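Let me begin by presenting the structure, written as structure tokens, before commenting on it.
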Amino acid sequence: MQLIRNEMEKRIVCIVGPTACHKTECAILLAKRIDGEIVSADSVQVYRGMDIGSAKPSLEERQGIPHHLIDCLPIDTPEFSVSQFRSMAAEAISEIHAKNRTPILVGGSGLYINALTFPLEFAVPRNDMVRQIVSQEYDENPEKAFGRLRQNDPETAARLHVNDKKRVVRALEVFDCSGKPLSAFGNDFQNDAGSEPPFLPLLFGLHMERQRLYERINLRVDRMMKQGLLEEAKRIYAMPYDRNLPAMCAIGYRQLFAYLDGESSLESAVEKIKQESRRYAKRQLTWFRRDQRILWRDVTNFEDEKERLLDEFTEKTQAFMKGTCE
RNA sequence: GCCUCGGUAGCUCAGCUGGUAGAGCAAGGGACUGAAAAUCCCUGUGUCGGUGGUUCAAGUCCACUCUGAGGCA
């Protein structure tokens with residue numbers, strides 16, 4: 001009995017997909033129908049002050065539905081990462097469960113979704129000192145550094161490319177800190193090794209015709225500019241933040257900072273934002289496409305079909321939460 | 001009407017004296033384990049404007065033709 005109860009408490013609904021694909025609206029509509037609360041899985045919406053560029057839903061758009069993991073960090077947070085996201089999101093989800101409501105995890109940061117739905121360990125915390133040493137080692141001779149990885153962690157080396165500095169350095173950092181290869185931590189989200197994931201997800205994926213998606217992205221960027229994205233970027237630009245902070249690299253802001261630096265025209269910065277957003281959407285699709293758990297729905301004609309779509313999502317969610325699905 | 005220079009990948013263009021075409025950008029696909037809106041890898045067949053001709057062989061030479069830009073009358 002206790003077992004079943006715990007099982008129930010681990011269930012969450014997820015809505016994933018590329019940027020500008022109606023995830024936000026869909027999640028809010030679903031939340032209203034099933035008495036849910038929304039947990040954002042978005043690596044930029046966590047930052048306060050990055051509202052327009054990260055496409056945060058306004059209070060009005062949220063329609064009274066509680067949103068978690070939005071606006072919970074200042075921009076100059078140097079070390080926010082997946083594992084912190086996971087513990088904060090896990091806490092939010094538990095609170096929602098405790099209220100007997102349904103958590104709806106929605107967002108486009110694929111790794112964040114996986115951190116909550118696959119048994120990833122993140123066992124070895126980041127170590128800046130070691131990372132710096134290894135990074136230097138890599139800069140001096142990438143081939144040699146990669147050779148050392150191949151020797152100590154052939155499995156991870158086989159997965160990575162020499163040029164992928166971030167990952168090669170991180171893998172060596174893990175080895176140097178723990179004495180164990182990264183691959184020995186045995187968490188693999190392609191075919192999990194049998195250990196328990198933090199939560200049991202029902203995954204809905206939204207997609208649409210590529211051309212339509214790109215149109216929507218372009219239009220949304222234009223709308224953001226009208227809503228004052230430049231002013232928002234200026235406000236952040238005026239602060240003495242380190243340009244290498246994760247938040248400062250976000251699409252929309254980075255390109256406008258380049259404009260404010262005098263490196264490009266405003267027009268070309270806006271074009272760049274659109275292009276980078278389109279490429280981002282493509283990468284998101286690549287990420288989510290390989291996830292066999294996702295139930296995909298075409299939302300090319302979202303406006304016409306949303307009632308029917310929501311009916312289906314509602315029904316599937318209710319069955320899933322009761323445990324009669326699967 | 002005449003002269004000149006163009007028309008080659010989605011775009012901008014290379015292609016020497018004939019041997020069935022290649023760069024940049026765009027685009028597409030993939031990877032992803034404490035930076036993930038980040039980071040990295042892979043991918044170039046296209047009526048060489050059209051028709052005919054010369055040639056063993058034509059993007060390349062010739063003729064005609066369509067079309068764009070500029071110049072001269």
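Letters A, B, ... are given to chains in the order of the sequence lines, protein chains preceding strands, and every chain is numbered from 1. From a predicted model like this one, the values you see are computed outputs, not experimental measurements.
- Of all non-hydrogen atoms in Pro78(A) and Leu245(A), the two that sit nearest each other are CA-CD2, 3.7 Å.
- Atom-to-atom, CG of Asp164(A) to P of rC41(B) comes out at 8 Å; the value is rounded to the nearest Å.
- The side chain of Gln275(A) has rA26(B) as its nearest neighbour among rG28(B), rG34(B), rA26(B).
- Distance from the side chain of Ser81(A) is smallest for rG34(B) among the nucleotides rA26(B), rG29(B), rG34(B).
- Ile133(A) shares a hydrophobic cluster with no other residue; no ILVMFWY side chain has heavy atoms under 4.5 Å from its own.
- For rA27(B), the base has no donor-acceptor partner in the side chain of Arg210(A) [N/O atoms by modelled type, under 3.5 angstrom].
- Each of rA31(B), rA35(B), rG29(B) was ranked by its minimum atom distance to the side chain of Arg131(A); first place goes to rA35(B).
- Of the residues in residues 249-257 of chain A, those with a non-hydrogen atom less than 4.0 angstrom from any atom of RNA chain B are Cys249(A), Ala250(A), Ile251(A), Arg254(A).
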Using a cutoff of under 3.5 Å, can you pull out all pairs of nitrogen or oxygen atoms linking the protein to nucleotides 10-13 of chain B, with atom names and distances?
none

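- Checked against rG34(B), rG28(B), rA31(B), the side chain of Arg126(A) finds its nearest nucleotide in rG34(B).
- For residues 33-49 of chain A, the salt bridge (Lys or Arg N to Asp or Glu O under 4.0 Å) pairs, not counting sequence neighbours, are Arg33(A)-Glu307(A), Arg33(A)-Asp311(A), Asp35(A)-Arg101(A), Glu37(A)-Lys99(A), Glu37(A)-Arg101(A).
- Residue Ser109(A) has its side chain nearest to rA36(B) when only rA35(B), rA36(B), rG30(B) are considered.
- With RNA chain B read from its 5' end, the first of the two nearest nucleotides for Leu285(A) and Arg278(A) is the one closest to Arg278(A).
- Side-chain contact of Thr117(A) with Arg293(A): a donor-acceptor pair under 3.5 Å is present, judged by distance alone.
- Counting non-hydrogen atoms under 4.0 angstrom, Ser54(A) reaches a base of the nucleic acid.
- With sequence neighbours left out, the ring pair (Phe, Tyr, Trp, His ring centres under 6.0 Å) criterion links Tyr112(A) to Phe85(A).
- The side chain of Asn163(A) has rC41(B) as its nearest neighbour among rA36(B), rU33(B), rC41(B).
- Other residues sharing the hydrophobic cluster of Val169(A), ordered by chain and number and joined by side-chain separations under 4.5 Å: Val130(A), Val134(A), Tyr138(A), Phe146(A), Leu149(A), Leu160(A), Val162(A), Val168(A), Leu172(A).
- Through ILVMFWY side-chain contacts below 4.5 Å, Met129(A) is grouped with nothing and stands alone.
- Relative to the side chain of Pro246(A), the nucleotides rU33(B), rU39(B), rA36(B) differ in distance, and rA36(B) lies closest.
- Sorted by first then second residue, the salt bridge (Lys or Arg N to Asp or Glu O under 4.0 Å) pairs that include residues 234-250 of chain A, not counting sequence neighbours, are Arg243(A)-Asp261(A).
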Identify all side-chain donor-acceptor contacts of residues 197-212 of chain A below 3.5 Å with residues at least two apart in sequence or on another chain.
residue	atom	partner	partner atom	Å
Arg210(A)	NH1	Tyr214(A)	OH	3.3
Arg212(A)	NH1	Glu215(A)	OE1	3.0

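- Applying the salt bridge (Lys or Arg N to Asp or Glu O under 4.0 Å) test to residues at least two apart or on different chains, none of the pairs has a partner in residues 80-89 of chain A.
- Across residues 211-218 of chain A, Tyr214(A) each have a non-hydrogen atom less than 4.0 Å from an atom of RNA chain B (numbered order).
- Residue Phe85(A) is out of contact with every strand shown, counting any heavy-atom pair closer than 4.0 Å.
- Applying the side chain to side chain donor-acceptor pair (under 3.5 Å) test to every pair with at least one member in residues 219-228 of chain A, sequence neighbours left out, gives these pairs: Thr19(A)-Arg220(A), Asp222(A)-Lys274(A).
- Distance from the side chain of Leu160(A) is smallest for rU33(B) among the nucleotides rG34(B), rG28(B), rU33(B).
- Contacts of Arg170(A) with the nucleic acid, taken as non-hydrogen atoms under 4.0 Å apart, include base atoms.
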